[in-house]
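Structure record follows, encoded as structure tokens.
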Amino acid sequence: MTDDRKTIEQRGLYYEEFELDARYLHRPGRTVTETDNVLFTTMTMNMQSLHLDAAWSATQPFGERLVNSMFTLATMVGSSVAQLTQGTIVANLGFTEVRFPHPLYHGDTMYSETIVDDKRLSVSRPGQGIITLSHTALNQHGDIVALAVRSVMVWCKDAHAAAEGRARQ
């Protein structure tokens with residue numbers, strides 16, 4: 001049986017499709033649970049009491065446990081993948097200007113967005129380009145809980161199609 005319907009596969013954007021200064025809103029949001037925080041914190045061997053010890057954290061300036069900032073960073077970036085880089089990324093090149101201006105708490109819902117700051121074709125890797133992205137995460141009240149600038153290398157559309165064709169042979 002043949003299926004003649006048009007097939008659309010979800011993917012990220014190719015170099016040519018990234019628009020400078022465009023804002024991409026990543027939805028749905030992600031409500032962070034105590035379980036998320038405890039599992040991530042212990043899985044990454046970060047035994048910081050500020051994330052794990054409710055009694056001790058109650059005596060500290062924020063008065064309660066805080067969500068591990070590395071979880072916040074990973075979730076902020078992760079929420080952008082389906083829309084921006086799924087299947088089109090070559091490499092994550094690095095982060096700069098990572099900041100956490102407001103804490104994230106258990107039960108907060110995090111919403112993320114990304115602005116494309118810069119794009120240029122790679123000099124050393126023809127058929128690929130470097131995109132500079134500014135990621136922002138906000139809680140349900142609109143407080144900014146994380147900011148990061150990230151550089152990624154992505155495929156140009158024709159080069160990726162050619163590389164996939166060679167791989168199938």
Side-chain angles (χ1 to χ4, degrees), residues 2-32 36-37 39-46 67-104 108-140 142-169:
T2 61
D3 189 345
D4 295 332
R5 286 181 283 197
K6 178 180 179 180
T7 300
I8 300 170
E9 182 177 349
Q10 182 175 340
R11 63 162 172 82
L13 304 176
Y14 287 109
Y15 175 82
E16 300 86 350
E17 297 172 310
F18 279 91
E19 295 183 34
L20 283 176
D21 208 34
R23 171 175 284 136
Y24 297 88
L25 302 178
H26 313 302
R27 300 296 184 264
R30 174 69 156 76
T31 301
V32 180
D36 294 326
N37 190 42
L39 288 176
F40 183 89
T41 298
T42 57
M43 180 174 48
T44 57
M45 298 179 64
N46 177 348
V67 172
N68 186 319
S69 59
M70 293 298 100
F71 177 87
T72 304
L73 177 64
T75 303
M76 174 178 66
V77 171
S79 70
S80 75
V81 169
Q83 191 174 18
L84 299 181
T85 60
Q86 178 66 42
T88 58
I89 193 170
V90 175
N92 192 32
L93 301 177
F95 290 87
T96 61
E97 303 175 40
V98 177
R99 294 182 285 135
F100 305 99
H102 189 277
L104 192 65
D108 279 351
T109 300
M110 188 170 70
Y111 296 94
S112 300
E113 58 188 54
T114 301
I115 295 175
V116 178
D117 291 332
D118 192 31
K119 63 186 267 188
R120 68 175 178 81
L121 290 170
S122 174
V123 175
S124 61
R125 298 182 65 101
Q128 299 171 1
I130 298 169
I131 309 292
T132 304
L133 305 167
S134 286
H135 297 291
T136 302
L138 304 97
N139 67 14
Q140 68 276 13
D143 301 315
I144 296 173
V145 297
L147 298 157
V149 176
R150 177 169 74 122
S151 295
V152 295
M153 182 171 285
V154 298
W155 283 102
C156 295
K157 187 174 185 177
D158 291 344
H160 192 218
E164 284 188 329
R166 286 189 301 273
R168 284 191 211 110
Q169 293 177 357

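Atoms considered below: every heavy atom in the structure, side chains included; atoms not considered: hydrogens, waters and symmetry mates.
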Give the minimum heavy-atom separation between [X] and [Y], together with the two atoms involved.
{"X": "Val32", "Y": "Leu104", "answer": "CG2-CD2, 3.9 Å"}
{"X": "Trp155", "Y": "Ala163", "answer": "CH2-CB, 3.7 Å"}
{"X": "Met76", "Y": "Ala137", "answer": "SD-N, 3.5 Å"}
{"X": "Gly129", "Y": "Tyr15", "answer": "CA-CD1, 3.6 Å"}
{"X": "Val152", "Y": "Leu133", "answer": "CG2-CD1, 4.1 Å"}
{"X": "Pro103", "Y": "Asp108", "answer": "O-OD2, 4.3 Å"}

Which distance, rounded to the nearest 0.5 Å, do you find between the [atom1] of [X] and the [atom2] of [Y]?
{"X": "Leu20", "Y": "Ile115", "atom1": "CG", "atom2": "CD1", "answer": "11.5 Å"}
{"X": "Asp36", "Y": "Asn68", "atom1": "CG", "atom2": "CG", "answer": "11.5 Å"}
{"X": "Thr136", "Y": "Glu113", "atom1": "OG1", "atom2": "CD", "answer": "5.5 Å"}
{"X": "Thr132", "Y": "Lys119", "atom1": "OG1", "atom2": "NZ", "answer": "11.5 Å"}
{"X": "Cys156", "Y": "Glu17", "atom1": "SG", "atom2": "CD", "answer": "10.5 Å"}
{"X": "Leu73", "Y": "Phe100", "atom1": "CG", "atom2": "CZ", "answer": "5.0 Å"}

Going by the side chain to side chain contact (heavy atoms under 4.5 Å, CB included) test, name the single residue among Val116, Val77, Thr114 that passes it with Leu84.
Thr114
Does a sphere of radius 6.0 Å around CZ in Arg30 hold more than 12 heavy atoms from other residues, nucleotides or ligands, not counting ones at 6.0 Å or beyond?
yes
How about Met70 and Thr44: do any of their side-chain heavy atoms sit closer than 4.5 Å?
no
Answer yes or no: is there an ion pair linking Glu16 with Lys157, defined by an N-O contact shorter than 4.0 Å?
no
Indicate the ring-plane relationship of Phe18 and Tyr24, choosing parallel, tilted or perpendicular according to the 30° and 60° boundaries.
perpendicular
With sequence neighbours excluded, residues passing side-chain hydrogen bond (donor to acceptor under 3.5 Å, both in side chains) with Arg120
none
Is it the case that the side chain of Gln140 and the backbone of Thr109 share a donor-acceptor pair, with hydrogens and angles ignored and the cut-off at 3.5 Å?
yes
Given 3.5 Å as the limit, does a donor-acceptor pair link the side chain of Thr75 with the main chain of Thr72, or not?
no
For residues 81-97, pull every pair meeting side-chain hydrogen bond (donor to acceptor under 3.5 Å, both in side chains), keeping only residues two or more places apart or in separate chains.
His26-Gln83, Asn92-Arg150
Any residue meeting side-chain contact (heavy atoms from CB on, under 4.5 Å) with Asp143, in chain and number order, not counting sequence neighbours:
His102, Asn139, His141
